[in-house]
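Data first, discussion second: the structure below is written as structure tokens.
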Amino acid sequence: MSDSSPARPAVPVLDVWCELQCPDCHTALGDLRALRARYGDRLDVRLRHFPLEKHRHSFAAAQAAEEAFAQGRGWAYTEAVLDRVVELDRAGEPLLVEVARELGLDAEEFDTALIDGRHILIVDADQAEGKAIGVTGTPTYVIGGERLDGGKSQEGLRERVEEIADRLLAGQPG
């Protein structure tokens, strides 16, 4: 017996190359929240990690975000850390565990994940892919094959992402 329900079209993907200690990513947080609210599950917004060497806690923060996704609260955690970028610069890894605790996540598991490095491969793979496609700073958005660099200016970026997402959702070619 075959399923006669119509095939569901693929959901467009928005990759957001982000660094959780980046002031520009903190500034972009409002746009990210708005995009996630506007599109819900009609747009797959994926956090991609691009830790920068100039921010000493960014690699640990990326691993912590992956642990939050593993515990089912990735976006809430990402937003909470981005809301505290200045504090993260001062407090470092203890803040990452504190944010997890504040969100009701298993803080001990966060601490263990940061020690055992279980998410390092994901972060390394994201960073390598970002470099391969020309990401040089954060935030950088990739949707519908188009790369939009928010590290230089975020002016008009959300509108551009919305234009592309709407076109993709309507099934129109680029």
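Worth knowing before you read on, the calculation uses all heavy atoms, side chains too, and leaves out hydrogens, waters and symmetry mates.
Taking every heavy atom of both residues into account, C25 and C18 meet most closely at SG-SG, 3.5 Å. Nearest heavy atoms, L105 versus A68: CD1-CB, 4.2 Å. Minimum interatomic distance between A65 and H49 (heavy atoms only, all atoms of both residues): CB-CE1, 3.9 Å. Nearest heavy-atom pair, P51 versus S58, reported as atom, atom and distance to 0.1 Å: CB-OG, 3.3 Å. In terms of heavy-atom proximity, L43 sits nearest to P12 at CD1-O, 3.4 Å. Scanning both residues, V11 and D44, for their nearest heavy atoms gives CG1-N, 3.5 Å.
Partners of Q127 by side-chain hydrogen bond (donor to acceptor under 3.5 Å, both in side chains), not counting sequence neighbours: none found. Qualifying salt bridge (Lys or Arg N to Asp or Glu O under 4.0 Å) partners for D15, counting only residues two or more places apart in sequence or in other chains: R46, R48. Residues forming a side-chain hydrogen bond (donor to acceptor under 3.5 Å, both in side chains) with H57 (at least two apart in sequence, or on another chain): none. Legend: residues meeting salt bridge (Lys or Arg N to Asp or Glu O under 4.0 Å) with E79, ordered by chain and number and at least two apart, are R33, R36. Under the salt bridge (Lys or Arg N to Asp or Glu O under 4.0 Å) criterion, R73 pairs with no residue, sequence neighbours left out. Not counting sequence neighbours, E108 has no partner by the side-chain hydrogen bond (donor to acceptor under 3.5 Å, both in side chains) test. The salt bridge (Lys or Arg N to Asp or Glu O under 4.0 Å) search around D106 returns none, not counting sequence neighbours. A search for side-chain contact (heavy atoms from CB on, under 4.5 Å) contacts involving A34 returns R158, not counting sequence neighbours.
Atom CD1 of I164 is separated from atom CG of L14 by 9.0 Å, given to the nearest 0.5 angstrom. For the atom pair SG (C22) and CG (L88), the distance works out to 11.5 Å, reported to the nearest 0.5 Å. Between the OG1 atom in T136 and the CG atom in D149 there is a gap of 5.0 Å [rounded to 0.5 Å]. Atoms CD and CG, from E93 and L114 in turn, are 5.0 Å apart once rounded to the nearest 0.5 Å. The structure places CD of E98 at 6.5 Å from CD of E87, a figure rounded to the nearest 0.5 Å. Expressed to the nearest 0.5 Å, how far CZ of R167 lies from CD1 of I143 amounts to 8.5 Å.
Under the 4.5 Å side-chain heavy-atom criterion for Ile, Leu, Val, Met, Phe, Trp and Tyr, F69 and L29 are members of distinct hydrophobic clusters. By the rule that hydrophobic residues join a cluster once side-chain heavy atoms approach within less than 4.5 Å of another member, V13 and W75 end up as members of separate clusters. Linking Ile, Leu, Val, Met, Phe, Trp and Tyr whenever their side-chain heavy atoms come within less than 4.5 Å leaves L96 and F59 in two separate clusters.
Applying the salt bridge (Lys or Arg N to Asp or Glu O under 4.0 Å) test to every pair with at least one member in residues 51-65, sequence neighbours left out, gives no pairs at all. Judged as a ring pair (Phe, Tyr, Trp, His ring centres under 6.0 Å), the pairs with a partner in residues 89-110 (not counting sequence neighbours) are, in order, Y77-F110.
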I'd like to know whether T78 forms a side-chain contact (heavy atoms from CB on, under 4.5 Å) with L32, so could you lay out the CA-CA distance, the side-chain angles of the two residues, the decisive distance to 0.1 Å, and finally the verdict.
CA-CA 11 Å; T78 297; L32 275 177; over 6 Å; no

Step by step, work out the side-chain contact (heavy atoms from CB on, under 4.5 Å) result for L82 and L20.
CA-CA 6 Å; L82 281 172; L20 297 187; 3.8 Å; yes

Given the rule in the side-chain contact (heavy atoms from CB on, under 4.5 Å) test, do D31 and V161 qualify, once you have shown the distances and angles that lead to the verdict?
CA-CA 10 Å; D31 285 344; V161 168; over 6 Å; no

Exercise answer: donor-acceptor pairs, residues 117-124 side-chain atoms, under 3.5 Å, sequence neighbours excluded:
{"residue": "R118", "atom": "NE", "partner": "D116", "partner atom": "OD1", "Å": "3.2"}
{"residue": "R118", "atom": "NE", "partner": "D116", "partner atom": "OD2", "Å": "3.2"}
{"residue": "R118", "atom": "NH1", "partner": "E109", "partner atom": "OE2", "Å": "2.5"}
{"residue": "R118", "atom": "NH2", "partner": "E109", "partner atom": "OE2", "Å": "3.0"}
{"residue": "R118", "atom": "NH2", "partner": "D116", "partner atom": "OD2", "Å": "2.8"}
{"residue": "H119", "atom": "NE2", "partner": "E67", "partner atom": "OE1", "Å": "2.7"}

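W17 belongs to a hydrophobic cluster whose remaining members, ordered by chain and number, are F50, L52, I133, V135, V142; membership requires side-chain heavy atoms of ILVMFWY residues under 4.5 Å apart, directly or through intermediates.
A side-chain N or O of Y39 and one of D166 form a donor-acceptor pair less than 3.5 Å apart.
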